[in-house]
Amino acid sequence: MAAALFLLLTVPATVIAVFVPSVRRWFRGRQRPLRAGGLFALAWLVVFVALAVASPPQQSSTSTNTAAQHSAT
């Protein structure tokens with residue numbers, strides 16, 4: 001859930017930031033703009049994977065009810 005929320009918030013923000021002239025000037029002003037972009041992408045990927053791994057998978061309510069019925073009998 002947290003990884004999906006992170007994805008939904010950061011992707012549109014990144015797309016919007018690409019169109020802001022000051023952000024484009026900042027990247028062009030770097031000696032190695034691809035390195036700066038790569039580091040940002042790597043940091044984003046690390047956070048996304050950490051959130052995806054940290055959030056436990058959600059169980060459906062039907063499997064919980066079935067398990068409770070079997071243990072009651």
Side-chain angles (χ1 to χ4, degrees):
M1 176 75 175
L5 185 61
F6 179 72
L7 183 70
L8 287 174
L9 292 175
T10 57
V11 169
T14 303
V15 170
I16 292 169
V18 167
F19 293 107
V20 175
S22 61
V23 174
R24 287 194 314 236
R25 278 194 304 271
W26 184 84
F27 269 105
R28 274 188 265 144
R30 304 283 67 108
Q31 287 181 349
R32 296 182 176 155
L34 289 179
R35 181 185 287 181
L39 288 175
F40 278 121
L42 181 63
W44 182 89
L45 185 64
V46 166
V47 171
F48 180 74
V49 169
L51 288 173
V53 170
S55 61
Q58 296 184 1
Q59 296 177 347
S60 65
S61 60
T62 57
S63 65
T64 306
N65 292 339
T66 307
Q69 290 173 352
H70 287 300
S71 64
T73 58

> Are Val53 and Trp44 grouped together when hydrophobic residues (ILVMFWY) are joined by side-chain heavy atoms under 4.5 angstrom apart?
yes
> Grouping I, L, V, M, F, W and Y whenever their side-chain heavy atoms are under 4.5 Å apart, do Leu7 and Val46 come out in a common cluster?
no
> The criterion is side-chain contact (heavy atoms from CB on, under 4.5 Å); which residues satisfy it with Phe40, sequence neighbours excluded?
Trp26, Phe27
> Same cluster or not: Phe6 versus Val11, using hydrophobic residues (I, L, V, M, F, W, Y) connected whenever any side-chain heavy atoms lie under 4.5 Å apart?
yes
> Sequence neighbours left out, what passes side-chain contact (heavy atoms from CB on, under 4.5 Å) with Val18? Give chain and number order.
none
